[in-house]
Amino acid sequence: MSDARQVDLVVVGLGPGGEALANAAATAGLSVVAVDKRLVGGECPYFGCVPTKMMVRAADALAEVRRAAELSGEVTVRSSWAPVAERVSVQATDHWDDRVAVERLQNAGAAVLHGAARLDGVRRVVVTPTDGSEPLTYEASRGVVLNPGTRPATPPVEGLDGTPYWTNRDAVQVTELPGSLVVLGGGPIGCELAQVFARFGVRVTVVQHGDRLLAVNEPEASALLAEVFAHEGIRVLTGVDLTRASYADGQFRLSTSSSEELVADKLLVAAGRTPNLDDLRLETVGLDPTARTIEVDDRMRAGEGLWVIGDVTGKGAFTHVSMYQSAIARRDILGEDGPAAAYHALPHVTFTDPEVAGVGMSEAGARQAGLTVRTGTTKLEESSRGFTHGPGARGLIKLVEDADRGVLVGATVVGPAGGEILGYLSVAVHAAVPVDSLRSMIFAYPTFHRAIESALSDLSGRAA
Ligand SMILES: Cc1cc2nc3c(=O)[nH]c(=O)nc-3n(C[C@H](O)[C@H](O)[C@H](O)COP(=O)(O)OP(=O)(O)OC[C@H]3O[C@@H](n4cnc5c(N)ncnc54)[C@H](O)[C@@H]3O)c2cc1C
């Protein structure tokens, strides 16, 4: 007889989705072993969404106070990083301690292990506990859920490995601000953190390999953000790679493909993510251990007794995707009915100021998919709300219509609370609400979302 411990379910990796699934399965009465080699909750609460959004909030407050000069008279502000560091370390992360999350899972009835887990064949998992105790083998009658997430990628820059560069995990633990910072990567993480630090007085240069910031968004959104960054004194180098890095006497020296040498106190590397798939022994269940993503069906199944959720499914590296997939996998595991996974209305928000939010397809994506496309755009600052708002109102709305079906298949909102305005358009894309029906609605005056009406009117051109 096997000496493996018999349980119903093992959850490997406790990102937001894995933690929620382990909790729900244990609450439903399954015997659940929940394993994480770092912190229960994953990247989002300790190093990702939550601390960075606290940092963004602080930086936005500063920007708003500075705008007050134009609106309400002279205001003086002396910024300090101390309250930001305090909020992040105490309120967001409990000093990067997961006790509360562990207890929450234990109270639900799950056994929680800190350790590195790997597969050992179908429905079998071996855990090497972090405390150095003997490895434990589990056999899970229902199966195994993988939610291993990603870690910061290290780009192949000569000399980089030997330097004390930051990743997002260091940036959220900063207590003293540097004088200058180079941010490698102009994606969502790089852009959010670049603006945060710049608004606190750090001299920031963003080095972006591609030809624009936020490359997955509409080009109009990237262009607008680039203008805002330039206005705020953030230098953006596009089409440029770092070729060499060295660190001495408290300074980074960075060679670039454009032959310019950059010197900065700190370097933040935000140049992509590496999936945590390399140590899972995926080959023991017939999956490719070198793959960057694991293919799942619309119930999150990746094999016999195996469900996979989160960033490593390649459906969108967002907490809301991890949670959405978690609920689908949970229903499948517990034998409950419910809708299968669909991603046609996947929303994403970059919390710069202005926020850059999108849902569904971009114009280019819709054309590539062979749709008959009609687009409509409007500028937020030209709306009534933008006019009354004044400084800080820059933004745009862009709609992408499948003209054959007369429904929106994608939308972008750049602007103050762009992510909130996007909610309306997410419903429209999700439920394929006819454009004629959207046009017939009453939009409250003078809200930012009322500008959607202008973008809808602009859809009237010829489709191509
Ligand atoms: C700076 C930053 C800002 C972000 N901001 C946002 C945002 O505003 N909104 C948003 O939606 N998303 C945001 N994200 C993305 C978000 O953090 C992730 O999409 C989210 O955490 C979901 O990831 P996940 O569920 O795949 O797993 P993760 O959160 O990555 O967690 C995976 C867990 O698995 C564990 N693990 C891995 N391998 C093993 C193993 N072999 N054994 C045991 N445990 C293992 C890891 O230790 C980790 O705790 C941000 C990310 C970053 C880095």
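Predicted, not measured: the structure shown is a model, and the values here were computed from it. In each ligand, atom 1 is the first atom listed, and ligand 1 is the first ligand listed. Along the sequence shown, residues are numbered consecutively beginning with 1.
Checked by atom type and distance alone, the side chain of Tyr324 pairs as donor or acceptor with a backbone atom of Ala342 at under 3.5 Å. Proximity of a side-chain donor or acceptor of Glu232 to a complementary backbone N or O of Ala230 within less than 3.5 Å is not detected. A distance-only check finds no donor-acceptor pair linking the side chain of Tyr138 to the backbone of Asp8 [under 3.5 Å]. When atom types are taken as modelled, the side chain of Trp81 and the backbone of Val174 share a donor-acceptor pair closer than 3.5 angstrom. Looking at Thr150, its side chain never comes within 3.5 Å of a backbone N or O of Pro275 through a donor-acceptor pair. Between the side chain of Ser180 and the backbone N or O of Asp265 there is at least one donor-acceptor pair closer than 3.5 Å.
At a cut-off of 3.5 Å, with distance as the only test, a side-chain donor of Thr313 or Gln325 sits close to an acceptor on the other residue.
The N/O atoms of Leu280, backbone and side chain alike, include none that comes under 3.5 Å of an N/O atom in ligand 1. Close N/O approach between Lys37 and ligand 1 is found [any backbone or side-chain N/O within under 3.5 Å]. Inclusion of Thr319 in the set of residues having an N or O under 3.5 Å from an N or O of ligand 1 is warranted. An N or O contact shorter than 3.5 Å links Lys53 to ligand 1 by distance. Taking any N or O of Phe318, backbone or side chain, at least one lies under 3.5 Å from an N or O belonging to ligand 1. Residue Asn276 has no N or O atom closer than 3.5 Å to an N or O atom of ligand 1.
Closest heavy-atom approach to atom 46 (C) of ligand 1 among the candidates Asp36, Leu14, Leu119, Asn147: Asp36. Of the listed options Val321, Leu39, Val12, Asp311, Asp311 places a heavy atom closest to atom 26 (O) of ligand 1. With distances taken over non-hydrogen atoms, the option nearest atom 25 (O) of ligand 1 out of Ser322, Gly310, Gly115, Ala171 is Ser322. Here the shortest heavy-atom distance to atom 17 (O) of ligand 1, taken over Gly41, Cys44, Gly17, belongs to Cys44. For the residues Thr128, Leu146, Ile189, the heavy atom positioned nearest atom 52 (C) of ligand 1 is part of Ile189.
The pair Asp170-Lys266 does not meet the salt-bridge criterion, since no charged nitrogen lies less than 4.0 angstrom from a carboxylate oxygen.
Put simply, the side chain of Val204 does not reach to within 4.5 Å of the side chain of Phe229, judged on heavy atoms.
Those atoms of ligand 1 that come under 4.0 Å of a heavy atom in Gly149, given as number and element, are 26 (O), 27 (O), 28 (P), 30 (O), 32 (C). For ligand 1, the atoms closer than 4.0 angstrom to any heavy atom of Arg38 are 47 (O). Short contacts between ligand 1 and Ala116, defined as distances under 4.0 Å to a heavy atom of the residue, involve ligand atoms 42 (N). Near Ala317, with a cut-off below 4.0 Å to any heavy atom, the atoms of ligand 1 are 15 (C), 19 (O).
Scanning the protein for heavy atoms near atom 36 (N) of ligand 1, the closest one is Pro148 O, 3.8 Å.
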